[in-house]
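Data block below; observations after.
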Amino acid sequence: MRVDIQQAIAKLKNGEVVAIPTETVYGLAADATNDAALQLIYAIKERPADNPLIVHIADTNQVENWATEFPPLAQKLAQAFWPGPFTLVLCAKAHVSSIVRGNQPTVALRVPNHPLTLQLLKTSGLALAAPSANKFTQLSPTTAAHVEAGLGKDIAVLDGGACTVGIESTIVSVQGDDWQLLRLGMVPEAGIEALAGKTALKNQVNLPKAPGQHVLHYSPKTPIKLFQSREALINFVQNSKKSCAALLIGKGVMPNCKHVILPKQAAKAAEKLYSALHTMDAFNVEQLLVETPPNAPAWQAILDRLTRAAH
Ligand code: TXA
Ligand code: MG
């Protein structure tokens, strides 16, 4: 069910969930201070309770409502990347619902860069907890139609058009002047490193993790297989008895096989990635074949999603 911004606000204030557009993917939003509404998110998504939610806020001034500290490094990153596809994990204030935190001592915060949702946040005065608006482990939605296809027509959706970044935000936790990359996204590690003036902490014990980063994730219903080269993919098609559809990067012809082409430029490919996978899922073939993207920094987040989808 499509709703307008006023209806969305009324529902959210009434403890209901509403799917909202962001520049990354659609989120399934609820008032981040209403435990019953937060429980609804987990129930609809069939998501494990130990997988915390990102709190979406209207601007940087709201960080102090949620975090005990806003270290200078975190402020610098927020200034550089908000509003945008970037999430900060900070030490949570005591009042922050343990449902939002998934029982972690931290809270994840993001100012999304979508005009409708920014208007919604500002007008309502709410902070919105919102995971991607899909069932647990399934493909994230980048259009209102994807949300309805995954969660059903009864879900209230604020339609803000197709998402322009296309994959979920980069997640960074900050403690003092140290930082850790918890999830790859289109804000690149090198950009954060340049601002921080030092590399991310890696592989150390006692560092916060992003729970819920399951190896199986972002998955279409049809099994996916990754190929290191176009030749290997074509070879598979020629020898396979299964019906297939291929995801190719850049130009290409694929006789005897349905295919979708992703743009050669990483940012454009990310924008179209989930949409391409949703389309390929609807082909109802037995196997999806994916050409592995270039092994370059700009493609790392896309490669991460494809690897998990193929697991
Ligand atoms: O782009 C995005 O981030 C989208 C849009 C809707 O904003 N949201 C999104 O939410 O991807 P979700 O729930 O699908 O992924 C949130 C991730 C999870 O992997 C979770 O573990 C991590 O954020 N996370 C949330 N709170 C955390 C915390 N306190 N500590 C560590 N990781 C946290
Ligand atoms: Mg998700």
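Note that ligands are numbered from 1 as they come in the structure, with each ligand's atoms numbered from 1 the same way.
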Exercise. Any side-chain donor-acceptor pair under 3.5 Å between Thr87 and Ser169?
Worked result: yes

For this session: Report, in ascending order of atom number, the atoms of ligand 1 lying under 4.0 Å from any heavy atom of His56.
Result: 5 (C), 6 (C), 7 (O)

Problem set entry | Test item: side-chain donor near acceptor, Thr199 and Glu193, under 3.5 Å | no

Exercise. Would you say ligand 1 has an N or O under 3.5 Å from any N or O of Arg183?
Worked result: yes

Exercise. Are any of the N or O atoms of Thr22 closer than 3.5 Å to those of ligand 1?
Worked result: no

For this session: Inspect the contact between Lys202 and Glu189 and indicate whether a charged nitrogen and a carboxylate oxygen are less than 4.0 angstrom apart.
Result: yes

Seminar exercise, completed: In terms of its nearest heavy atom to atom 9 (C) of ligand 1, the top option of Ala92, Ser132, Cys163 is Ser132

Problem set entry | Arg110 side chain to Thr24 side chain, donor-acceptor N/O pair below 3.5 angstrom | yes

Problem set entry | Atoms in ligand 1 with a heavy atom of Ser169 nearer than 4.0 Å | 1 (O), 2 (C), 3 (O)

Exercise. For ligand 1, is any non-hydrogen atom under 4.0 Å from Arg47's backbone (N, CA, C, O), its side chain (CB onward), both, or neither?
Worked result: side chain

Exercise. Side chains of Ile234 and Met254: does their closest heavy-atom pair fall under 4.5 Å?
Worked result: yes

Exercise. Are the side chains of Leu181 and Thr170 in touch, meaning some heavy atoms are under 4.5 Å apart?
Worked result: yes

Problem set entry | Options Gly27, Ala129, Ala130, ranked by nearest heavy atom to atom 8 (N) of ligand 1, top entry | Ala130

Exercise. Side chain or backbone of Ile171 under 4.0 Å from ligand 1, or both, or neither, by non-hydrogen atoms?
Worked result: side chain

Exercise. Considering distance alone, does some N or O of Tyr26 sit under 3.5 Å from an N or O of ligand 1?
Worked result: no

Exercise. Going by the order shown, which atoms of ligand 1 are within less than 4.0 Å of some heavy atom of Thr106?
Worked result: 28 (C), 29 (N), 30 (N)

Exercise. Any N/O/S of Ser132 under 2.8 Å from the Mg ion (ligand 2)?
Worked result: yes

For this session: Indicate yes or no: does Glu16 engage Lys11 in a salt bridge with an N to O separation below 4.0 Å.
Result: yes

Problem set entry | Carboxylate-amine/guanidinium proximity below 4.0 Å for Asp177 and Lys198 | yes

Seminar exercise, completed: Here the atoms of ligand 1 under 4.0 Å from any heavy atom belonging to Asn51 are 18 (C), 20 (C), 21 (O)

